[in-house]
2 protein chains.
Amino acid sequence: MSAALPRRTQAERSDAMRQRLLAATLESLAEDGYAGSTLSSIVRRAGVSRGAQVHHYPNKQALMLDAADDLLRSSYRTLGAVLLSVADEDNRLEMLVQATWEQLFATPLYRAYTELLVASQRDAVLAEALRGMLLRVSKVFEPAVEHYFMPAPGTRENLKAVFLQFACLLGGLASQAHLLNDTAHVAAQLKLWTRQAKLVMHARKGVRLPPPRPVEWDRPVHS
Amino acid sequence: MSAALPRRTQAERSDAMRQRLLAATLESLAEDGYAGSTLSSIVRRAGVSRGAQVHHYPNKQALMLDAADDLLRSSYRTLGAVLLSVADEDNRLEMLVQATWEQLFATPLYRAYTELLVASQRDAVLAEALRGMLLRVSKVFEPAVEHYFMPAPGTRENLKAVFLQFACLLGGLASQAHLLNDTAHVAAQLKLWTRQAKLVMHARKGVRLPPPRPVEWDRPVHS
DNA sequence: TATGATACAGTCCAGACTGTATGTAAATGT
DNA sequence: ACATTTACATACAGTCTGGACTGTATCATA
């Protein structure tokens, strides 16, 4: 009769609980902001008790750090999927731009990232963590860029810099999107950057294989 | 013997007090963030009592709204000065880019703006206020752009969009500047955008006059 | 100069948040 | 089967915040 109680192992219970807490934390960051994400509201959102949180994360910073880690890990996976999805497209750049915006920057997850980013301006530990995670993400993106694109003949533009520009542009755009109540601006900006980028880079012809898959970052054991 | 008490008028006292409160608020926003800018800390920073604040601003939101107004007004003036300063330069675009970054985006004031911007994501009143103020600022910038620059012959690029791109780029750059601990990246990005912009616009030749000075926004009487 | 309005100072209070301490159930090891 | 560790729940302590409230000094005006 204990069909509803499948007797989970300790590790399973812990992982599930951590997952619920992290998901609730990221939701809360996106909706209520960093300061608004109080421990009480997070556990309420996760539907667990206060004790569960304090058991897995001794203090708020630890929870936030792990949430940041989870966020960047998730973005890493999304980015990987995006890069794969444009593999067999002819107009790779357009697809990449559109997909990056829609699936990465125009999402609640990016709003959560924004909150962590501004909080990191006053939290050196969080800043260091974000720095390291960004480095790891860029380590995936840059080889993929090399895999798919090459500098246009005649130009000697640094593709890394052009994509860093892209990231800053999308970041700034996302931060102000709720003020510009005209969504056409966003589309225009995406098109504008695409046009500019095409001047300095070409999609490599005949590349139908996905980019090299670097070090796995999917499930490192929790420290 | 009352040499130290020059008998100020009521309006003078009020203005001076409001100024101290607003300055302290913007400092606090830049240093301690939005949530960290508590009323107690602000009045402590301003060196005034709690009662002074509550007299001039009935609640925290009113203070923040006026601080945002002051911030945008100040940026408006700075931007005007920047535009004037590049009037008689030959390499106007480079100077404009550099000055905009140094005097507008790489300042504590922009950090304060960032705090207000993310806070406005959950404060509709603040968002509306920022929206209106940004509109007014752009109303200064756009005529100045027309005054100084023209689309390059052959291209039909929208200069407004290019400068909106510039703003988003600088915003994104400033938000992440504390993570990229390499200041060379910023300079490289500024150069990159300048190069791209030069492809679609030229400085008008022989323009030695400052841009048209639109509606004044220097000291509207306080409501 | 008398009277009211304005500017400012200091204090109090209800609520909220974080961290901690303690108690109970479930899982694990032997 | 039982002891021990792990996972989770509840209660509490201390701090802080924002708003309300009362009191005092300064200014405007008739």
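So that the names make sense, note that chain A is the first sequence line, chain B the second, and so on, each numbered from 1. Quick caveat, the model's predicted, so the values are computed rather than measured.
One finds a side-chain N or O of B:His56 lying less than 4.0 angstrom from the OP1 or OP2 phosphate oxygen of C:dC8. Listed pair B:His55 / C:dC8 fails the phosphate criterion, with no side-chain N or O lying under 4.0 Å from OP1 or OP2.
B:Tyr34 places its OH atom 15 Å from the P atom of D:dT17, with the value rounded to the nearest Å. A straight line from CZ of A:Arg13 to C1' of D:dT6 spans 8 Å, rounded to a whole angstrom. If you measure from atom CG of B:Asp15 to atom C1' of C:dA7, you get 13 Å, rounded to the nearest angstrom. In this structure, CE of A:Met17 is placed 17 Å from P of D:dT6, rounded to the nearest angstrom. Rounded to an integer number of Å, the gap from B:Tyr57 OH to D:dG19 C1' is 18 Å. The distance between atom CD1 of B:Ile42 and atom P of D:dC16, rounded to the nearest whole Å, is 17 Å.
When the shell of 6.0 Å around NZ of B:Lys60 is examined, it contains more than 12 heavy atoms from other residues, nucleotides or ligands.
Residues satisfying the side chain to side chain donor-acceptor pair (under 3.5 Å) test with B:Glu94, not counting sequence neighbours, are B:Lys198. For B:Gln165, the side chain to side chain donor-acceptor pair (under 3.5 Å) partners are A:Gln196, B:Trp193, not counting sequence neighbours. With sequence neighbours left out, the side chain to side chain donor-acceptor pair (under 3.5 Å) criterion links A:Glu142 to no other residue.
Evaluation of the side-chain hydrogen bond (donor to acceptor under 3.5 Å, both in side chains) test over residues 170-188 of chain B, restricted to residues two or more places apart or in two chains, returns A:Ser120-B:His178. For residues 95-109 of chain A, the side-chain hydrogen bond (donor to acceptor under 3.5 Å, both in side chains) pairs, not counting sequence neighbours, are A:Gln98-A:Glu102.
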Nucleic acid footprint by protein, nucleotides 10-21 of chain C - heavy-atom cut-off 4.0 Å, B for base, S for sugar-phosphate alone: BB-----SBBB-
